[in-house]
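Keep in mind it's a predicted model, so treat the numbers as computed, not measured.
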Amino acid sequence: MREKDFLTSVAKSMLPDADAVRREALAQNAHTTPRKTAAFPLKKAIALAACLALVITGTAIAQHTLRPPLGHTLAPTETQRALSPPASKPSPASQATATATAAPAADSTGKAGEKTIRPETPKKSGALPKAPTVVKPLGSFAMLEKALVELQSKYNYRQSEYGYTTTVRAAVGADAFGATPEKAADSTHGTTNTQVANVDEADILKNDGKYLYYATDTGAILIMQAAPAEALKLVATIAPGAKANAQTQRQLYVTGNRLAELYSDITEENGKYLQRSTARIFDITDRASPKLVRSYTQDGYLLNSRMLDGAVYLITQTFVPMDFVAIDGKIGNPETVLPRCGVNGKMTALSADKIACLPDVTEPSYLIIGSVSLTNKNAQPETAAVLGGGGNLYMNEKAIFIAETVYQQAAEKDRLVLHSSPKTRIHRFDVFAGGLVQYTTAGEVPGTPLNQFSMDEHGGYLRIATTEETDHVSNRITVLDQTLKTVGSVTGIAPGERIQSARFVGNTGYLVTFLRTDPLYTVDLSKPAAPKLLGELKIPGFSAYLHPWGDKYLIGVGPDGDDNGTNGGTKISLFDVSDLKNPREVDKYTIPDSSSSVEYDHKAFTGNAAQNQFAIPVMRYNMRHSQSGCLVFEVINGKLRHKQSLQLATDYVQRATYIGQSWYLCGQNSAAAFAIESGKTLSTLHW
């Protein structure tokens with residue numbers, strides 16, 4: 001068997017079921033007996049992630065080493081000056097905006113040079129700040145070269161048949177979970193459940209009020225005419241842009257007459273296996289005949305993405321090939337260590353002046369953010385990177401924050417050993433009109449966040465909830481200013497327990513921790529320098545997901561339980577948080593022997609504010625078989641009312657949405673429309 005085929009077959013044979021991995025992680029976090037699912041062993045998932053990293057890169061991986069404290073706005077060095085934001089602050093959102101289209105990039109040797117920006121016709125929305133007229137270089141190849149040569153010489157890279165490597169740490173619990181407050185009640189169709197208003201998130205289902213766009217498990221993208229609901233029909237199928245396998249994350253964005261398909265895949269180039277992420281953009285003016293307009297590709301695994309003002313931001317991480325040869329501290333061919341990106345398959349090395357190097361770099365990987373416009377086919381993609389890693393992501397209309405877990409390590413003989421007390425380094429990228437991305441600064445806080453909803457910015461302050469692991473486990477919320485300097489914190493929350501969900505709404509933070517019962521904590525964040533713990537509620541089970549509902553309620557979805565821990569069921573809770581000092585569970589609904597994908601994927605939650613309803617997919621189990629469905633609830637006068645149970649015959653429900661007076665369910669091989677009032681099946685579509 002050829003080496004390529006062997007590696008591919010091994011990788012595929014070891015790939016876990018994503019749902020099972022997440023359910024197992026929930027059970028582990030809850031410190032209880034795993035729920036009744038065919039859980040994939042967590043240790044095996046960790047080992048698999050490490051194995052795949054080696055197969056993908058075939059190069060050196062030396063991720064987490066002993067790091068001095070940051071604090072961390074950058075020290076006043078050449079690096080900080082290179083990373084400093086423009087002297088003049090961006091204009092207010094109401095001012096006219098300009099597209100950041102850079103002059104020809106510096107060459108690969110990273111020679112200095114500031115870049116002139118060409119103005120464009122002002123946008124109507126004015127949501128993004130005006131791009132700076134001059135974009136300062138983030139770094140130079142000389143800075144990058146020095147950092148990489150020091151990394152190569154400092155750490156013990158060992159030769160193996162796959163390349164050079166050290167101890168590998170696999171990231172577990174990738175960012176994918178959370179949700180958003182309900183949108184205005186006049187919405188006539190469902191949208192993706194997102195964290196921040198106006199900042200869209202990719203999903204397998206998109207809905208524009210007339211058509212549904214669905215990324216199937218086979219990799220094909222279906223365009224379905226959904227209105228009228230009595231005549232649901234398939235109008236077009238887009239063939240996958242990459243082989244449908246577990247390496248591929250295929251998700252969608254739709255805006256106006258443009259559709260973007262995002263995916264990661266492994267490719268072979270010059271005998272090396274490379275992982276790259278791609279956005280394919282289609283003109284769907286004629287829904288029955290989508291046309292590929294262009295594609296944008298950048299190196300690395302797709303950590304996450306967002307869409308703002310018609311631009312899609314791809315966030316990827318790729319490992320630096322550390323088998324380069326350096327003579328007298330110089331790397332002969334710069335392109336061998338630079339990440340690559342390009343349009344329509346024409347890949348070129350990213351200019352070194354777009355890569356930031358922090359003073360204490362210990363991460364031989366690139367965190368890359370590339371933006372590509374869906375609405376302006378002539379706009380050039382914008383890209384920025386930092387020599388470092390990434391994980392959970394939070395984005396608003398001004399900036400992108402990416403959390404990197406920093407593990408302390410120590411050398412033991414010929415290997416690196418992980419120690420406890422991990423910290424979180426936060427990278428901030430500012431975003432401007434035209435998709436311009438500018439790396440700004442970094443900060444560091446104790447502990448590690450759970451997911452994207454562990455971060456939120458309000459009034460110019462970033463709040464982040466983390467779990468600390470020192471000689472004991474506890475939790476905290478840290479408040480940072482715009483330079484990511486800590487200005488306040490509340491610590492010692494729920495000793496011995498771990499955060500299971502977090503949510504920030506305005507000046508209030510909500511945390512759920514768990515050991516045997518579920519404490520819901522409320523935190524006053526109105527004074528950034530002095531955040532204060534206000535209230536606490538302990539009930540059985542725990543909410544793995546919190547969703548604000550109106551001005552006074554939170555909806556919680558998670559494992560049901562008793563005084564001894566979880567019991568294998570699912571509980572939907574309605575919390576009254578109008579009195580933050582005394583939060584109350586005013587109603588609940590339990591489903592025995594079940595689980596919901598909402599526990600680990602906020603996009604599976606569908607709120608229909610116009611009908612005062614919400615829907616969640618639920619999987620029920622018994623000794624013989626499992627049964628999938630979607631439960632619809634109403635919130636009336638502080639009470640939960642189970643209104644309907646909808647099903648897709650023998651199919652597994654993955655998403656629910658609505659248009660007007662109809663619900664729509666999408667599964668692995670079918671879709672169906674239902675009347676909102678009666679629950680009657682209106683039409684069904686199979687593929």
Side-chain angles (χ1 to χ4, degrees), residues 17-20 22-23 26 35-38 179 190 193 203-205 207 212 214 216-217 224 226 229 232 541 543-545 547 555-560 566-574 587-608 611-635 640-659 661-687:
D17 174 77
D19 291 0
R22 292 182 176 113
R23 289 194 294 268
L26 283 171
R35 309 180 71 189
K36 297 181 181 180
T37 58
N193 189 20
D203 197 17
I204 58 174
L205 175 66
N207 175 359
L212 303 181
Y214 188 55
T216 68
D217 293 345
M224 295 173 275
L232 183 63
S543 296
Y545 168 65
H547 189 95
I555 295 169
V557 181
D560 188 22
T566 58
N567 59 18
T570 300
K571 180 173 71 167
I572 297 93
S573 297
L574 183 65
D587 204 0
K588 65 180 180 179
Y589 186 92
T590 60
I591 309 111
D593 300 322
S594 67
S595 67
S596 173
S597 55
V598 171
E599 295 173 23
Y600 53 81
D601 186 356
H602 65 282
K603 298 167 191 174
F605 183 100
T606 305
N608 186 344
Q611 302 289 334
N612 201 29
Q613 299 178 5
F614 66 91
I616 66 169
V618 172
M619 178 73 77
R620 298 199 63 177
Y621 313 95
N622 59 37
M623 295 297 292
R624 295 185 178 181
H625 67 280
S626 60
Q627 184 179 30
S628 173
C630 184
L631 303 185
V632 179
F633 295 89
E634 290 181 320
V635 180
L640 282 174
R641 178 190 170 206
H642 174 219
K643 183 174 177 61
Q644 294 162 354
S645 296
L646 309 176
Q647 288 183 292
L648 281 175
T650 60
D651 204 356
Y652 171 74
V653 176
Q654 294 182 315
R655 288 291 186 270
T657 189
Y658 66 92
I659 298 175
Q661 297 298 311
S662 303
W663 284 109
Y664 296 84
L665 303 185
C666 290
Q668 294 174 322
N669 50 48
S670 65
F674 304 85
I676 282 181
E677 185 58 35
S678 66
K680 176 184 176 182
T681 302
L682 301 177
S683 60
T684 302
L685 177 66
H686 295 272
W687 52 80

Could you pull out the closest heavy-atom pair between [X] and [Y], with the gap in Å?
{"X": "Ala615", "Y": "Val632", "result": "CB-CG2, 4.2 Å"}
{"X": "Leu648", "Y": "Gly667", "result": "CD1-N, 3.5 Å"}
{"X": "Ser595", "Y": "Tyr621", "result": "OG-OH, 2.8 Å"}
{"X": "Gln668", "Y": "Tyr214", "result": "N-OH, 4.3 Å"}
{"X": "Tyr589", "Y": "Ile591", "result": "CE2-CG1, 3.7 Å"}
{"X": "Phe605", "Y": "Val598", "result": "N-CG2, 3.8 Å"}

Heavy-atom side-chain contact between Arg655 and Asp601 under 4.5 Å:
yes
Taking the side chain as every heavy atom from C-beta outward, state whether Arg620 and Pro592 have any atom pair closer than 4.5 Å.
yes
Atom [atom1] of [X] and atom [atom2] of [Y]: how far apart are they, to the nearest 0.5 Å?
{"X": "Leu682", "Y": "Tyr664", "atom1": "CG", "atom2": "OH", "value": "7.5 Å"}
{"X": "Ile616", "Y": "Phe633", "atom1": "CD1", "atom2": "CZ", "value": "5.5 Å"}
{"X": "Asp560", "Y": "Thr566", "atom1": "CG", "atom2": "OG1", "value": "9.0 Å"}
{"X": "Lys603", "Y": "Ser597", "atom1": "NZ", "atom2": "OG", "value": "12.5 Å"}
{"X": "Leu631", "Y": "Gln644", "atom1": "CG", "atom2": "CD", "value": "10.5 Å"}
{"X": "Asn622", "Y": "Asp593", "atom1": "CG", "atom2": "CG", "value": "8.0 Å"}

Just by distance, do the side chain of [X] and the backbone of [Y] share a donor-acceptor pair under 3.5 Å?
{"X": "Thr570", "Y": "Ser594", "result": "yes"}
{"X": "Asp587", "Y": "Leu640", "result": "yes"}
{"X": "Asp651", "Y": "Ser670", "result": "yes"}
{"X": "Ser596", "Y": "Pro617", "result": "yes"}
{"X": "Thr606", "Y": "Ala656", "result": "yes"}

Just by distance, with hydrogens left out, do [X] and [Y] show a side-chain donor and acceptor under 3.5 Å apart?
{"X": "Ser626", "Y": "Tyr652", "result": "no"}
{"X": "Asn207", "Y": "Thr657", "result": "yes"}
{"X": "Tyr658", "Y": "Gln611", "result": "no"}

So with a 6.0 Å cut-off around NZ of Lys643, is the heavy-atom count from everything else above 12?
yes
After noting the C-alpha distance and the side-chain angles of Phe614 and Val557, does the key distance pass the side-chain contact (heavy atoms from CB on, under 4.5 Å) rule?
CA-CA 12 Å; Phe614 66 91; Val557 181; 5.6 Å; no
